There are 2 protein chains.
Amino acid sequence: MELQLQIKMNEKLFLRNPEQTELGKKIILHSIFLIHKNGFEAFTFKKLADDIGTTEASIYRYFENKHRLLIYITAWYWNWLEYQVTVHTKNITDPALKLKRVIRLLATTVEDDIKTSYVNENILHQIIIAEGTKAYLTKQVTENNKDQLFKPYKDLCAKISSVILEYNPEYKFPKSLSSTIIEMAHFQNFFMYNLPSLTDFGNTKDESKIISFLEDLVFSSIKKL
Amino acid sequence: MELQLQIKMNEKLFLRNPEQTELGKKIILHSIFLIHKNGFEAFTFKKLADDIGTTEASIYRYFENKHRLLIYITAWYWNWLEYQVTVHTKNITDPALKLKRVIRLLATTVEDDIKTSYVNENILHQIIIAEGTKAYLTKQVTENNKDQLFKPYKDLCAKISSVILEYNPEYKFPKSLSSTIIEMAHFQNFFMYNLPSLTDFGNTKDESKIISFLEDLVFSSIKKL
DNA sequence: TTACTGATAATAGTAATGCTATCATATTTA
DNA sequence: TAAATATGATAGCATTACTATTATCAGTAA
């Protein structure tokens, strides 16, 4: 028996469920490669169609537009990451250890997960670093949020926030600290490789230093006195 | 005598210096309003031209494309903010007090600065919150960085970083902490108003709570033992 | 006064983008 | 076997993101 991880996605993310057809899976797979290669701005459904060997019109049957596809991809990622967090903290009771695991999962380039064969999580991670915030930094954020499109992100944030409160129930800003470490795990990575003077690890390009920074940030903030 | 604050901008940011002509100033002024109103994605030079009452072609003489204009606007903002930081920390010797001032300047909606008549800093601040990261989250970031287009941002980061080291010369991550508080001053604001469950101040919409969070974050991190 | 310069307006044009619509055909499913 | 569904092929269209050319007008230097 082959174990297949199926992530249940919000129906509003798509017009037709891409996980249920061959073309749908190709759309996800190829869009991840193309966005990674040329960036989201240069990405178009026409180029994606040519890459897949299908037509624009066919892709529009799955997604309203490229921004919706980006939201879908990011939502998929956050769902997957929350699942990773759940798995990797399952049998840990010490909240400090849990938090360290979480930080590592957030900040580390992941190995490809064979359970989701048609998605390359490593490349996906890099996309989320460079393009992830563009999913919500728009004028439609409130409307999209009403459709629950950002629920996976918010769920992950809530989960991390609860681990923080496990460690120190008195800490005043668990959610803001969560969103801070999520975003900073990505921004510090982007800065390290692209604008190194905004970080303290520019010359080393050593991702473990980002982990050290985040651990230091988190634990000094939530330390009980 | 009227005091006029002229911010010296990098020549590579534009094709023709917009500060030196009436049309140029109108381009900046109206683009800030339009980007604020409709978001950067919906912003085009055609719409800007119609709004100003000029032609697309005229605007293209000042800026290569809308992304360059965004970089210009963000660079202007970071220049201006660094100037604000300099002014407001000038006679303060206590680095802790300095840092608090800096955090307040980063996180607070600014009052309109009469010294720069043709720019509305308050609206500009909101643009930077929602669109600022799009200036560098692109495939051209390295190239743009070589042209020094992000220097104002990096200068501000370096300045804050030096205040951090003044407070605690032993602290290991002054630059990463600086970029973290700069970005988080904005992201927590965006989240508070648009995705409130990612913060701890969603119901209050109280910007001073962002300041409390950032102060807590910074000072617990850099505290000497 | 004339001639030159620089800035802008007016107009035109082009390739690419971001869609929508229609119809034919292949495949699945009832 | 008929009906429903998915895809492909093709067309079309308004907008976007530019580039190029020419004309006009204001300021200034000779």
Side-chain angles (χ1 to χ4, degrees), chain A residues 9 11-31 34-35 37-73 118 131 134-135 138-140 143-144, chain B residues 9 11-31 34-35 37-73 118 131 134-135 138-140 143-144:
Chain A
M9 303 290 287
E11 297 277 326
K12 299 223 173 171
L13 285 164
F14 46 75
L15 299 173
R16 177 173 300 170
N17 192 337
E19 310 214 22
Q20 283 172 357
T21 67
E22 276 313 305
L23 181 61
K25 288 180 195 172
K26 273 190 197 165
I27 290 172
I28 304 303
L29 185 68
H30 285 76
S31 63
L34 273 185
I35 293 174
K37 193 172 154 217
N38 306 318
F40 184 65
E41 283 72 31
F43 172 77
T44 69
F45 277 4
K46 179 75 173 63
K47 290 174 190 166
L48 176 58
D50 290 349
D51 200 55
I52 295 176
T54 181
T55 59
E56 257 185 295
S58 299
I59 294 168
Y60 275 106
R61 291 196 190 97
Y62 285 83
F63 292 99
E64 243 179 278
N65 53 52
K66 70 170 185 169
H67 184 248
R68 284 297 179 119
L69 176 53
L70 180 66
I71 298 182
Y72 179 92
I73 289 173
Y118 70 97
E131 324 283 358
K134 295 172 191 168
T138 70
K139 283 285 164 186
Q140 306 89 52
E143 195 189 324
N144 290 337
Chain B
M9 303 290 288
E11 297 277 327
K12 299 222 173 172
L13 284 164
F14 47 76
L15 299 173
R16 177 171 300 167
N17 192 338
E19 309 214 21
Q20 283 172 357
T21 67
E22 276 313 305
L23 181 61
K25 287 179 194 172
K26 273 191 197 167
I27 289 172
I28 304 303
L29 185 67
H30 285 77
S31 63
L34 274 185
I35 294 174
K37 192 172 154 220
N38 306 318
F40 184 65
E41 283 72 29
F43 172 78
T44 70
F45 277 4
K46 180 76 174 60
K47 290 174 190 167
L48 177 58
D50 291 349
D51 200 57
I52 295 175
T54 182
T55 58
E56 260 185 294
S58 299
I59 295 169
Y60 275 105
R61 288 200 197 90
Y62 285 83
F63 294 98
E64 240 178 280
N65 52 51
K66 70 170 186 170
H67 185 248
R68 283 299 178 117
L69 176 52
L70 179 66
I71 298 182
Y72 179 91
I73 289 173
Y118 69 97
E131 322 286 357
K134 295 171 191 169
T138 69
K139 283 284 164 186
Q140 306 91 52
E143 195 189 323
N144 290 336

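Letters A, B, ... mirror the listed sequences (proteins, then strands); counts begin at 1. What you are looking at is a predicted structure, and each value in this text was computed from that prediction instead of being measured.
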Inter- and intrachain pairs under salt bridge (Lys or Arg N to Asp or Glu O under 4.0 Å), touching residues 37-47 of chain B, at least two apart: Glu41(B)-Lys134(B), Lys46(B)-Asp50(B)
Partners meeting side chain to side chain donor-acceptor pair (under 3.5 Å) with Tyr62(B) (sequence neighbours left out): Thr21(B)
Test side chain to side chain donor-acceptor pair (under 3.5 Å) applied to Thr55(A) - qualifying residues, sequence neighbours left out: Ser58(A)
Between atom [atom1] in [X] and atom [atom2] in [N], what is the gap in whole Å?
X: Leu48(B); N: dT8(C); atom1: CG; atom2: C1'; result: 15 Å
X: Ile59(B); N: dA7(C); atom1: CD1; atom2: C1'; result: 14 Å
X: Lys25(A); N: dA6(D); atom1: NZ; atom2: P; result: 15 Å
X: Leu15(A); N: dA6(D); atom1: CG; atom2: P; result: 12 Å
X: Lys26(A); N: dG8(D); atom1: NZ; atom2: C1'; result: 13 Å
X: Gln20(B); N: dG27(D); atom1: CD; atom2: P; result: 17 Å
X: Asp50(B); N: dT11(C); atom1: CG; atom2: C1'; result: 15 Å
X: Ile52(B); N: dT8(C); atom1: CD1; atom2: C1'; result: 12 Å

For [N], does OP1 or OP2 lie under 4.0 Å from any side-chain N or O of [X]?
X: Tyr62(B); N: dA7(C); result: no
X: Ser58(A); N: dA6(D); result: no
X: Arg61(B); N: dA7(C); result: no
X: Thr54(A); N: dG8(D); result: yes
X: Arg16(B); N: dG6(C); result: no

Where protein sits on nucleotides 12-19 of chain D, one letter per nucleotide: B base, S sugar-phosphate only, - none, heavy atoms under 4.0 Å: ----SBBB
Residues that Lys12(A) engages under salt bridge (Lys or Arg N to Asp or Glu O under 4.0 Å), provided they are two or more places apart: Asp147(A)
Qualifying residues under salt bridge (Lys or Arg N to Asp or Glu O under 4.0 Å), relative to Lys66(A), sequence neighbours excluded: none
Phe43(B) and Phe40(B) aromatic ring geometry - parallel, tilted or perpendicular at 30°/60° bounds: parallel
Sugar-phosphate, base or nothing in reach of Phe63(A), heavy atoms under 4.0 Å: nothing
Which atom of Lys139(B) lies closest to which atom of Asn38(A), heavy atoms considered: CG-O, 3.4 Å
